[in-house]
Novice: 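Below is a structure I'd like to ask you about.
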Amino acid sequence: SNMVCGGFTCSKNALCSLNVVYMLVGLLLIGVAVWGKGFGLVSSIHIIGGVIAVGVFLLLIAIVGLVGAIHHHQVMLFFYMVILFIVFLFQFGVSCSCLAMNRGQQVVLLNSTWGMLNNKTKVNLEDQLDCCGLLNVSKSRSQFEEDVKNCHAPCKAEGICPSCGDKMLNHAAEALKILGGVGLFFSFSEILGVWLAVRYRNQKDPRANPSAFL
């Protein structure tokens, strides 16, 4: 009866498999960030650092879940459940806001992100996207003119450069839909992890290890 899903062994195997998937996703994130940095695709240390931090965090959570599942360790499984549930709430909220973001909110987000970038990163970004400055609007005109002055994107030689904001906004809706969709899908896998951990934690080990419940 153990092998029937709903049995102890099945819950254990399902939880282990889910955590192995999380570990692979964590390693993939770290790998992609390092690869992007190596190829000079993303020069901003904040973005690289952020992606690596998420990857490492996911890796650590998965290891806690995996060790907890293998040993049916009550305390580890409890912490795993709580942390995963908090991550689920945060991710669910972020994914929903990505999907619900209108153009005005996208502009505000772009402006605040652009403001945090240093000049070197802005210039690199302008070179890659072949554009100059963020948005040519009266509110940030002086900043825009300064960015255009520093910019040496290929389009500058032709004398006409689109603004990076317009280029980004054209793709933003699409990117946000993908980000939100992937985030939403992944957040439901986290709720599955929480449910499995709760269920597995309350199941009695058929090998009857009495110390597991102390």
Side-chain angles (χ1 to χ4, degrees), residues 5 8-101 109 112-113 116-118 121 124-125 128 168 171-172 174-203 205 212:
C5 213
F8 181 86
T9 311
C10 183
S11 298
K12 179 178 182 171
N13 292 344
L15 197 56
C16 286
S17 308
L18 192 67
N19 283 302
V20 168
V21 171
Y22 287 163
M23 284 171 84
L24 292 174
V25 172
L27 286 170
L28 186 74
L29 282 173
I30 296 166
V32 166
V34 172
W35 176 83
K37 178 74 178 154
F39 274 83
L41 295 179
V42 189
S43 62
S44 172
I45 204 77
H46 303 299
I47 298 168
I48 295 282
V51 175
I52 290 177
V54 170
V56 170
F57 178 71
L58 203 55
L59 206 55
L60 291 176
I61 289 296
I63 290 168
V64 169
L66 200 56
V67 174
I70 291 168
H71 296 292
H72 199 236
H73 195 293
Q74 298 287 304
V75 179
M76 270 185 155
L77 286 170
F78 176 75
F79 279 111
Y80 173 73
M81 273 156 37
V82 172
I83 294 168
L84 206 59
F85 186 67
I86 294 167
V87 171
F88 160 76
L89 290 176
F90 178 73
Q91 196 165 331
F92 185 76
V94 169
S95 302
C96 288
S97 26
C98 275
L99 292 169
M101 203 177 268
L109 185 70
S112 63
T113 310
M116 290 191 294
L117 300 178
N118 59 35
T121 308
N124 283 354
L125 198 59
Q128 282 165 29
M168 287 177 190
H171 300 290
E174 210 175 302
L176 285 167
K177 274 196 188 73
I178 294 167
L179 271 177
V182 170
L184 213 53
F185 172 77
F186 203 65
S187 68
F188 284 114
S189 87
E190 287 157 5
I191 217 64
L192 173 71
V194 172
W195 176 77
L196 270 172
V198 170
R199 186 190 159 108
Y200 175 62
R201 204 171 163 261
N202 294 330
Q203 282 174 326
D205 189 336

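Numbers for residues simply follow the sequence, beginning at 1. Atoms considered below: every heavy atom in the structure, side chains included; atoms not considered: hydrogens, waters and symmetry mates.
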Novice: Any idea which heavy atoms bring Gln74 and Arg201 closest together, and the distance?
Specialist: O-NE, 3.0 Å
Novice: Name all residues meeting the ring pair (Phe, Tyr, Trp, His ring centres under 6.0 Å) criterion together with Phe92; count only those two or more places apart in sequence or in a different chain, and write none if there are none.
Specialist: Phe88
Novice: Rounded to the nearest 0.5 Å, what separates atom CG in Leu196 from atom CG in Leu84?
Specialist: 10.5 Å
Novice: Of the non-hydrogen atoms in Ile52 and Ile30, which two are nearest, and what is the gap between them?
Specialist: O-CG1, 4.1 Å
Novice: Kindly give the heavy-atom pair with the smallest separation between Met23 and Ala62, and that separation in Å.
Specialist: CG-CB, 3.3 Å
Novice: Minimum heavy-atom separation for Leu184 to Cys96, with atom names?
Specialist: CD1-SG, 4.2 Å
Novice: Nearest 0.5 Å, what's the CZ-NE2 distance between Phe78 and His73?
Specialist: 13.5 Å
Novice: For atom CZ of Phe186, decide whether the heavy atoms of other residues, nucleotides or ligands shown that lie under 6.0 angstrom number more than 12.
Specialist: yes
Novice: From Tyr200 OH over to Cys16 SG, what is the distance, rounded to the nearest 0.5 angstrom?
Specialist: 6.5 Å
Novice: Under 4.5 Å between any side-chain heavy atoms of Phe85 and Val198, yes or no?
Specialist: no
Novice: If you compare all heavy atoms of Met76 against all heavy atoms of Val67, which two are closest, and at what distance to 0.1 Å?
Specialist: SD-CG1, 3.6 Å
Novice: Would a 4.5 Å heavy-atom cut-off, applied to side chains only, mark Val64 and Ile83 as touching?
Specialist: no
Novice: Supply the atom-to-atom distance Ile63 CD1 to Leu66 CG, rounded to the nearest 0.5 angstrom.
Specialist: 8.0 Å
Novice: Taking side-chain hydrogen bond (donor to acceptor under 3.5 Å, both in side chains) as the cut-off, I'd like each qualifying pair that reaches into residues 180-198, sequence neighbours left out, listed once.
Specialist: Tyr22-Ser189
Novice: Does a side-chain heavy-atom distance below 4.5 Å link Leu58 with Val25?
Specialist: yes
Novice: Between Phe57 and Leu29, is a side chain to side chain contact (heavy atoms under 4.5 Å, CB included) present by the stated rule, with each step listed?
Specialist: CA-CA 11 Å; Phe57 178 71; Leu29 282 173; over 6 Å; no
Novice: Looking at every heavy atom in both Gly183 and Ser95, which two are closest together, and how far apart are they?
Specialist: C-OG, 3.2 Å
Novice: For the CD atom of Gln91 and the CD1 atom of Ile86, what is their distance to the nearest 0.5 Å?
Specialist: 13.5 Å
Novice: Atom OG of Ser17 and atom NZ of Lys12: how far apart are they, to the nearest 0.5 Å?
Specialist: 12.0 Å
